[in-house]
Trainee: 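One structure coming up, written as structure tokens, with questions to follow.
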Amino acid sequence: DREPQVTSRALQFLESARAGTLTPTDLAYTRAGFFPDVAKGIQARLQPVTMPATMVLVKRVEIGDDRIYTYEVSAGERVLLYTIGFAPDGKVSILGVNEK
């Protein structure tokens with residue numbers, strides 16, 4: 001992980017997603033319909049995660065001008081894949097949590 005500041009910011013978003021406190025302003029570039037349904041689904045998947053979570057960066061790619069990071073997050077015996085993308089202006093463009 002060569003960008004600890006990005007990982008720190010990603011962890012803050014993960015904590016907010018788990019707490020259900022994300023707002024449309026936090027995710028200005030996500031697709032229509034993300035709130036409230038997708039956000040609530042992500043929150044439900046994150047409930048078993050103890051905060052602060054242990055995250056390990058497993059992938060970093062650039063798609064267009066966005067930087068996309070994928071982390072493994074430990075959730076008890078489960079491992080979740082947490083994806084977060086940042087647009088050139090630093091705003092979050094992608095947010096997703098899935099089972100590994």
Side-chain angles (χ1 to χ4, degrees):
D1 185 357
R2 296 181 186 164
E3 299 173 282
Q5 73 282 4
V6 172
T7 299
S8 177
R9 186 160 178 230
L11 180 58
Q12 290 173 341
F13 261 83
L14 186 74
E15 291 173 344
S16 295
R18 183 180 181 276
T21 58
L22 292 177
T23 68
T25 304
D26 295 322
L27 296 149
Y29 299 126
T30 55
R31 63 183 167 77
F34 186 89
F35 289 97
D37 298 333
V38 175
K40 287 192 182 295
I42 288 173
Q43 181 183 13
R45 282 191 291 277
L46 290 173
Q47 287 309 301
V49 176
T50 303
M51 293 298 188
T54 301
M55 297 190 337
V56 176
L57 180 65
V58 294
K59 185 177 178 184
R60 179 194 186 277
V61 297
E62 292 185 18
I63 299 176
D65 55 4
D66 286 5
R67 294 168 296 131
I68 314 297
Y69 300 82
T70 301
Y71 297 89
E72 284 186 353
V73 178
S74 297
E77 298 202 10
R78 293 171 44 211
V79 176
L80 302 173
L81 290 178
Y82 167 47
T83 303
I84 187 167
F86 296 99
D89 63 4
K91 293 182 181 179
V92 173
S93 58
I94 296 170
L95 184 70
V97 176
N98 297 296
E99 297 287 332
K100 182 173 178 183

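Predicted model, so just to flag it, every value in this text is computed and none were measured.
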Trainee: Closest heavy-atom contact between Leu11 and Pro52?
Mentor: CD2-CB, 4.5 Å
Trainee: Can you name the nearest heavy-atom pair linking Val97 to Tyr82, along with the distance?
Mentor: CG2-CD1, 3.9 Å
Trainee: Give the intermediate values and the outcome of side chain to side chain contact (heavy atoms under 4.5 Å, CB included) for residues Arg31 and Val38.
Mentor: CA-CA 10 Å; Arg31 63 183 167 77; Val38 175; 3.7 Å; yes
Trainee: Taking all atoms of both residues into account, what is the closest heavy-atom pair of Phe35 and Leu22, and its distance?
Mentor: CE2-O, 3.5 Å
Trainee: So, for Arg9 and Gly90, which heavy atoms are closest and what is the spacing to 0.1 Å?
Mentor: NH1-O, 2.5 Å
Trainee: What residue among Asp66, Leu27, Thr30 forms side-chain contact (heavy atoms from CB on, under 4.5 Å) with Val92?
Mentor: Leu27
Trainee: Applying a strict under-4.5 Å side-chain criterion to I, L, V, M, F, W and Y, I'd like to know whether Leu57 and Leu80 cluster together.
Mentor: yes
Trainee: If hydrophobic clusters are built from ILVMFWY residues whose side chains come within less than 4.5 Å, do Leu14 and Ile94 share one?
Mentor: no
Trainee: So Glu72 and Leu81, side chain to side chain contact (heavy atoms under 4.5 Å, CB included) or not? Walk me through it.
Mentor: CA-CA 5 Å; Glu72 284 186 353; Leu81 290 178; 3.8 Å; yes
Trainee: Please walk me through it: do Arg60 and Arg2 pass side chain to side chain contact (heavy atoms under 4.5 Å, CB included)?
Mentor: CA-CA 10 Å; Arg60 179 194 186 277; Arg2 296 181 186 164; over 6 Å; no
Trainee: Between CD1 of Ile42 and CG of Asn98, what distance do you get to the nearest 0.5 Å?
Mentor: 8.0 Å
Trainee: Can any side-chain N or O of Arg18 pair as donor or acceptor with the backbone N or O of Gln47 at less than 3.5 Å?
Mentor: yes
Trainee: According to a 4.5 Å side-chain heavy-atom criterion applied to Ile, Leu, Val, Met, Phe, Trp and Tyr, with indirect links allowed, do Met51 and Met55 form part of one hydrophobic cluster?
Mentor: yes
Trainee: May I ask whether Ile84 and Ile68 are part of the same hydrophobic cluster, defined by side-chain heavy atoms of I, L, V, M, F, W, Y residues being less than 4.5 angstrom apart, directly or through others?
Mentor: no
Trainee: Where is the tightest heavy-atom contact between Ala87 and Tyr29, given as atom of each residue plus distance?
Mentor: CB-CE1, 3.7 Å
Trainee: Test your reading of the model: is there a side-chain donor-acceptor pair from Ser8 to the backbone of Pro4, 3.5 Å cut-off?
Mentor: no
Trainee: In Å, rounded to the nearest 0.5 Å, how long is the span from CG of Leu95 to CG of Asp26?
Mentor: 10.0 Å
Trainee: Identify the heavy atoms of Ala53 and Val49 that sit nearest to each other, and give their distance.
Mentor: CB-CG1, 3.6 Å
